Every structure is written in C-alpha cells, then in structure tokens.
Amino acid sequence: DEDYWKVEAKTQQEEPPPPQAAISSHDAKPSSEPMVIVDMTRLDANIHSKFDKNSVNDSAAASALRKTIESNYATYSKDASLLSEGTIIPCGSSVWRDALIRLRDERPGHYFAPIFPPKSK
C-alpha cells in the first residue's frame with residue numbers, strides 16, 4: 001500500500017537531528033576505526049570557511065595545522081579541554097563524511113578537517 005510509505009517518509013523527516021554525541025565512534029559500524037574531526041577555526045581564527053562551507057580561505061595554514069595535529073594525534077585526540085569545547089570531535093571512520101556535513105551546517109564559517117590516527121607499521 002502506497003500510503004504506508006508516505007507515512008514512513010513523513011515520520012523520518014519530522015525527527016529532530018541526533019544530538020552531537022551521536023557522532024562518536026560507538027555509533028559507527030563495527031569495521032569503523034576511531035578518528036577525529038577538528039574545528040580548525042577554534043584552533044586558529046585565521047583559518048575559516050566563511051565564504052564557502054566546502055572550502056578553506058588559507059589552504060597552506062590549514063595544511064600546516066593539520067600536519068601538526070596528525071603528528072601529535074594522541075595528544076590532540078585525548079585533550080579534555082578541546083574535547084569538552086567541541087574543537088576535537090571523536091568520530092568513526094565509516095561515518096565521518098555525514099558528521100562533517102552536519103558540522104558544517106551547524107557551525108557556518110568554521111573549517112573542519114578529518115584527522116585519522118597514524119597508520120601502525
């Protein structure tokens with residue numbers, strides 16, 4: 001019956017977005033690896049995406065900061081103050097793309113970068 005599907009579609013659209021904590025890696029698929037999304041604008045206000053939510057105004061500065069965070073991944077990913085203020089957002093590697101889209105919509109002008117843990121040798 002087609003009416004059944006119309007009701008289902010309406011119900012799904014009316015649900016509020018999941019809370020920020022839903023981004024965490026415990027919601028990810030079992031094959032997901034932990035990683036973080038970093039609000040680069042909170043770390044350096046000169047790095048932003050005020051003019052286009054899918055780009056960054058200073059790619060060289062963003063790249064340098066990203067490399068710093070990657071090389072100190074354990075320190076940044078466990079920093080309690082950065083975690084509590086939402087600068088570092090734990091995420092699962094299977095859901096980070098959706099989380100990134102949602103964060104860009106929730107915090108316009110902020111530039112977010114996915115940071116993966118260093119590969120084990």
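None of these values were measured; they are calculated from a predicted model.
Annotation for Ala61 and Asp58: closest pair N-OD1, 3.1 Å, computed over non-hydrogen atoms. Closest non-hydrogen pair, Met35 versus Pro114, comes out as CE-CB, 3.6 Å. Summarising the geometry of Lys78 relative to Leu83, their closest heavy-atom pair is C-CD1, 3.9 Å, with the distance given to 0.1 Å. Tyr73 approaches Pro118 most closely through the heavy-atom pair CB-CD, 3.8 Å. Residues Arg42 and Gly86 approach most closely at NH1-N, 4.2 Å, considering heavy atoms.
Annotation: side chain of Asp105 is in contact with side chain of Lys53 (closest heavy-atom distance under 4.5 Å). Under the 4.5 Å side-chain criterion, counting only non-hydrogen atoms from C-beta, Val36 is in contact with Ser77. By the 4.5 Å heavy-atom criterion applied to side chains, Ser49 and Arg104 are not counted as neighbours. In this structure, the side chains of Leu43 and Val38 come closer than 4.5 Å at one or more pairs of heavy atoms. In this structure, Tyr111 and His48 have side chains that are not in contact, with every pair of non-hydrogen atoms separated by 4.5 Å or more. Within the 4.5 Å cutoff, no side-chain heavy atoms of Arg102 are placed close to those of Asp98.
Between the CD1 atom of Ile37 and the CZ atom of Phe112 there is a distance of 8.0 Å, given to the nearest 0.5 Å. Atom-to-atom distance recorded for Lys50:NZ and Thr41:OG1 is 8.0 Å, nearest 0.5 angstrom. With rounding to the nearest 0.5 Å, the separation of CE in Met40 from CD1 in Ile47 is 5.0 Å. Note that the CZ atom of Phe51 and the CG atom of Asn57 stand 7.5 Å from one another [nearest 0.5 Å]. Considering CD1 of Ile101 and CH2 of Trp96, their distance stands at 9.5 Å, rounded to 0.5 Å. Considering CD1 of Ile115 and SG of Cys91, their distance stands at 12.0 Å, rounded to 0.5 Å.
Asn72 places a side-chain N or O within 3.5 Å of a backbone atom of Thr68 that can act as its donor or acceptor partner. One N or O on the side chain of Ser84 and one on the backbone of Ala80 form a donor-acceptor pair closer than 3.5 Å.
Clustering ILVMFWY residues whenever any of their side-chain heavy atoms sit less than 4.5 angstrom apart, transitively, puts Ile69 in the very cluster that holds Phe116.
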